[in-house]
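First the structure, in the form of structure tokens, and then the observations on it.
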Amino acid sequence: MADSENSVEMEGLYQPPNELQKDAHVKSFDQYKEMYKKSVEEPEEFWKEIAKEFYWKSPPTGRFLEYNFDYTQGPISIKWMEGAKTNICYNVLDRNIERGLGDKIAFYWEGNDPNDHGKITYKELLQKVCKFANVLKAQGIKKGDRVAIYMPMIVELTIAMLACARIGAIHSIVFAGYSSESLADRIIDAKCLAVMTADGVWRGTKLLNLKQIVDEAIRLSGERSHKVSKCIVVRHLSPSDEEVIDGDGDGHDEPPAKRPYRKLKINWHSDRDVWWHDVMKDSSDISEPEWMDAEDPLFMLYTSGSTGKPKGVLHTVGGYMLFTATTFKYVFDYQPDDVYWCTADVGWITGHSYVCYGPLGNGATSIIFEGTPMYPDAGRLWEVVDKYKVTKFYTAPTAIRSLMKFGDSFVTKYSRKSLKILGTVGEPINPEAWLWYHKVVGNGKCAIVDTFWQTETGGHVITPLPGATATKPGSATFPFFGVVPAIVNDEGKELTGAAEGYLVFKQPWPSIMRTVYGDHERFETTYFKKFPGCYCTGDGARRDEDGYIWITGRIDDMVNVSGHLLSTAEVESALIEHKAVTEAASVSHPHKIKGECIYCFVTLKQGFEFTPDLTTELKNIVRAKIGPFAQPDFIQNAPALPKTRSGKIMRRILRKTAVGDRQLGDTSTLADESVIDLLFQNRPNDA
Ligand code: WT7
């Protein structure tokens, strides 16, 4: 590396930048090791010390940590600080204001349109949260009730979630890119009493009518005997009630830059719909927090399950609060003058933990970004970095890869000199993208933190610490405090030294999920039955000779598309709803930008023909049932699927077919060998 001041590369190891290391919370690998040792050998002492920084109405009534990770010994249970009373909203807002941070900016808001922006201080945020907490109460919502949130990236989204947390209602945020059917499934499963949404949102040049999607989801819920009694709508786009989208009548929606046409036609159901601004107007801004047990639920967030039915991952108040704040502090080496930016949508766990709770728990200033990396052009992220002088930046490998292909000039035309730490999350990052992120985006001067974690883990579990860990491109490196990973083989035997196998965790950290909402048995089966005594991540991992951990990807029937997990079963059940399809199988397929994409094989019913139109219809049915981000890239005609004699689809063979690899390995269990030739003959030309 040419830069003498910050020479960071030595034989493939990237040393922490000196500049950053000087004032870092953890300044050396030895210091990390010492803290790590204490955190896993005396977890209660370690986290008790951290808990002191937060406000507790009363201390735990029993032990600080109590758990059973071994289902052969009884039900799986994890309890941190049970009996202690606190409120996470109070801790991330009131407590920070009492520390003198009231006038500090909590969030800058940057709209899809570069001309749209705003900001809110801690004091103002608290005021709005209290008002909205009173709105929720006035609508009859109380502790333990579930509330669905389907919102774009606007400040009201965090206000809604923090207001739920303040009164003890359980928020269930659904990413506003899911279809009405997916939203309905989630509303019904959680029996949500109310839905919070906005009229619509621009995503790049596309206008989404969120209210219409919510209306349809509520209608579908009603059809399935679940009534949603309230819908609170933020007026984000439509300034009045009779609106047009295509303002100049040219047959296309106007881009957001044409302000007068930022309008949307929405339907109103006056028995249940209320405008956010109407109900907020006269609401009091004083709201006593509900004092919650540390083990009371805070939120649920649905994640794909390998059976196809999404799981409501449940997190609780106390442990989640400690862990998200602590990981944020150490992994992004939070300093009071930072401007931090996580580009993830709050609808995913990354947004819950590292747009909302983690940064606010530290009193940080961060950015809520409504836009996309490509709009108005591929320089948008770096433009925003310069605009706010962002110091710590967190995004997904898929975003990095998609920007790489536009060349360096979109990056280098911005200064980016404020940047100190660059993070990634969501999927394995290929060394090429890592190096581009490091050299081009970070000018070779930033620490890169490749953070491995899951919706289920609540926060970072395997990650470098920027002032302490020498990194290797593509490795998530070492466990965070309190996390004890192991690599096991098929029989569950722990492998030591350099090895590859299944990644498991041997003891609980504070923010591990507590259950699957309404289905504890599914929680135990999915995560604890495969390897008794361990939490099974569903990922494979390799430990190299230096002890670095490399995540190798999912070992179950899950596809990670652009950092979002989808189950192949979910896609298949959408496909077979089409009248032409008798059977469908989908597999993960490598993709240059998205990391993985979905490749589907469909067997058609008699009398149907495989045509380009049918392919489009099938892609659309998946979009409609799950959401646009789940759209398969390839649909292949499969007159027959490769099956074992007992009828199990051999996905291994399908994955090989998808990539055109005829080295199929052992095919002796295949019921009918002739299927193979047919499969290869029918591969689409673009695959
Ligand atoms: C799965 C979890 C955690 C927030 C976003 C995704 C994959 C996540 C990494 C990483 C390699 C990663 C894993 C994991 N994953 N981060 N740094 N390196 N793989 O949350 O939807 O619950 O997905 O994402 O496969 O199991 P999620």
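Just follow the structure's listing: the first ligand is 1, and inside any ligand the first atom is 1.
Checked against the 6.0 Å centroid criterion, the rings of Phe528 and His520 do not qualify as a close aromatic pair.
Side chains of Thr391 and Ile421 form no contact here, defined as non-hydrogen atoms less than 4.5 Å apart.
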Can you give me every donor-acceptor pair (side chain of residues 498-506, partner residue at least two apart or in another chain, under 3.5 Å) with its distance?
residue: Tyr502; atom: OH; partner: Asp490; partner atom: OD1; Å: 2.8
residue: Lys506; atom: NZ; partner: Glu494; partner atom: OE1; Å: 2.9

Would you give me the side-chain donor-acceptor pairs under 3.5 Å for residues 365-373, sequence neighbours excluded?
residue: Thr365; atom: OG1; partner: Ile105; partner atom: O; Å: 2.7
residue: Glu370; atom: OE1; partner: Asn112; partner atom: N; Å: 2.8
residue: Glu370; atom: OE2; partner: His236; partner atom: NE2; Å: 2.5

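Ring geometry, Phe480 versus Phe323: the interplanar angle exceeds 60°, so the pair is classed perpendicular (tilted spans 30 to 60°).
The protein residues lying under 4.0 angstrom from ligand 1, judged by non-hydrogen atoms, are Ile349, Thr350, Val425, Gly426, Glu427, Pro428, Asp450, Thr451, Phe452, Trp453, Gln454, Thr455, Glu456, Asp539, Ile551, Arg554, Asn560, Gly563, Leu565.
With sequence neighbours left out, the salt bridge (Lys or Arg N to Asp or Glu O under 4.0 Å) criterion links Lys311 to no other residue.
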